[in-house]
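What you are looking at is a predicted structure, and each value in this text was computed from that prediction instead of being measured.
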Amino acid sequence: MNDQTISKETTMAAAMREQIPDSLPDRIEDVEMLEELLSRPDAATRRDLSELDGDVMVLGVSGKVGPTLARMAARALPERRVIGVARFSDPETRRQLDAWGVETVQCDLMDRAELEKLPQVKNIVFMAGHKFGSSGNQGLTWAMNTYLPGLVAETFTASRISAFSTGCVYPFVPLEQIGADERMPPEPPGEYAQSCVGRERMFEHFSKRHGAPGRLIRLNYAIDMRYGVLCDIADTIYAGKPVDLRTGHVNVIWQGDANRFALRALAHATVPTSPLNVSGPETLPVLWLAEELGRRLGREVAFVGEPGPTAWLNNSAEAFRLFGYPEVALARLLDWVADWTLREMPNLGRPTKFELRDGRY
C-alpha cells in the first residue's frame, strides 16, 4: 500500500486560508466554484464535527461525491486529520484532494491486509459501492455492496461510521404517502438495491456485536451541476429528446446539503446503527420539473411514457428535525442547472437512470 500524506501543519494552513462566504451566488461560474460550494461547511456542521473526538477518514473517497465531502470535513476541522482512502485510478483526483488539505492513502479496500493497515480513526464515512453495470456483473455488485461493508465493519469496531446507502432499498410507495420513512421495511426490486440492503445488514450486525455507533444514509437524489436527476432532465431537453415519465415523481437535494447531513450524522450516531433518509422536502413531478427547466432553457419539451401511481420516494422528516432544511432551495437548483446546461459546461456523462422501475442498472 502506498501511503502518501501531507503534514498536519500543511493541512491546517490550507484549510485556514479558505474563506467561507455566507451568500449563495446566482450563477455557478465554473467547476472550481462548483466544488467550493459543494464543500462549504455551515456553522452547524463545524460545530457538530468539532464536538466529536478524533480524526475523520473517508473510505471510497474518489467517487462522484467523496472529494467534496472530504474537503468539507477538512474545511470544518482544520486542526484535525481528514484522510481520504481509495484506489485512485485517476491520479488527478488524488492531487486535488492533497491540494485541498485531505491526506490521501492508496488502498484496495477489498484486500483485507491493506484494509487492516489503515489507521484506526474515531470517525469514518463509508462511500464505496458499485451501481452502474451491476446487472451485467452481479458478483462484483454483491462483493462491493455487501461483502466489503462487512470487512470494514469488522475492521473498525471502535469507530463511528456514517455509511452511504440509497433510498432505493425501499419499495415503490404510493404518492399520497409522501415517501417512505425509516420505519418502512426495505423490500426493493433488482439486485443492486438488494445488495444495498445487504450493505446495511452488515453494518447493523457488527454495530450490534461491538456496540459501534453509526448511521445508514439513505440518499435520494443528490444534485451536482455535472450529474443528477435535474442534470439528466435538462440534458434530455437541451438535446431535443423526449423526457421519460415512467417514474413520475422524485426527491432531489443539493449535494452540498447531502454532504453536510452525512457528516453531521456522525454526531447523531446510534447503537445499533440506524437508517436516516436524506433527500429534499418536496415530492416533485418529473413533468413539472421538465417544464420548469424547459422554460429556463428556452426549449419546447416533449414527453414519453405515463407516470405510475408509485415511485421511489423518501420522507426525510427525521433528517430535517436533526439538521434543519436544506440550504439550497429547489428554484435555485433549477436556475443553476439550466444555466450550466446552456453554457455546455462539463458533464460526467453518468446518468442516474432514475426513470427505470425494474432496479436494473
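- Cluster membership check: Val271 does not share its hydrophobic cluster with Leu276, using side-chain heavy-atom separations under 4.5 Å among Ile, Leu, Val, Met, Phe, Trp and Tyr.
- Screening Leu330, Leu24, Leu37, Asp224 for a side-chain contact (heavy atoms from CB on, under 4.5 Å) involving Trp254 leaves a single residue, Leu37.
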**Request:** For the pair Arg332 and Glu327, evaluate salt bridge (charged side-chain N to carboxylate O under 4.0 Å, His left out) and give the outcome as yes or no after the intermediate values.
**Result:** CA-CA 10 Å; Arg332 189 180 295 275; Glu327 178 187 19; over 6 Å; no
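- Among all heavy-atom pairs drawn from Pro326 and Phe320, the shortest one is CD-CE2, 3.6 Å.
- Evaluation of the ring-ring contact (aromatic ring centres under 6.0 Å, His included) rule for Phe206 yields no partner, not counting sequence neighbours.
- When atom types are taken as modelled, the side chain of Arg80 and the backbone of Val56 share no donor-acceptor pair closer than 3.5 angstrom.
- With hydrogens and angles ignored, the 3.5 Å screen pairs a side-chain donor or acceptor of Ser316 with a backbone N or O of Ser279.
- Looking only at distances, no side-chain donor or acceptor of Thr157 sits under 3.5 Å from a matching main-chain atom of Glu154.
- Phe323 does not carry Arg260 over the face of its six-membered ring by the limits of under 6.0 Å from the centre and within 45° of the normal.
- Among residues two or more places apart in sequence or in another chain, the side-chain contact (heavy atoms from CB on, under 4.5 Å) test is passed with Glu292 by Trp288, Arg295, Arg296, Leu334.
- Side-chain N or O atoms of Asp232 include none that pairs as donor or acceptor with a backbone N or O of Phe354 at under 3.5 Å.
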**Prompt:** Given the rule in the side chain to side chain contact (heavy atoms under 4.5 Å, CB included) test, do Leu313 and Asn220 qualify, once you have shown the distances and angles that lead to the verdict?
**Reply:** CA-CA 8 Å; Leu313 297 169; Asn220 267 21; over 6 Å; no
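- Distance alone, capped at 3.5 Å, is enough to place a donor-acceptor pair between the Arg215 side chain and the His268 backbone.
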**Message:** Test side chain to side chain contact (heavy atoms under 4.5 Å, CB included) on Arg75 and Ser39; report intermediate values, then the result.
**Reply:** CA-CA 8 Å; Arg75 296 174 76 180; Ser39 64; 3.0 Å; yes
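- Using a 30° and 60° split on the angle between ring planes, Phe203 and Phe126 fall in the perpendicular class, above 60°.
- Panel note: side chain Thr236, backbone Val243; no donor-acceptor pair is recorded below 3.5 Å.
- Formation of a donor-acceptor pair under 3.5 Å by the Asn277 side chain with backbone atoms of Asn315 is found in this model.
- Closest heavy-atom contact between Gln120 and Thr155: NE2-O, 3.1 Å.
- Counting all heavy atoms, side chain and backbone alike, Pro346 lies closest to Trp340 at O-NE1, 3.0 Å.
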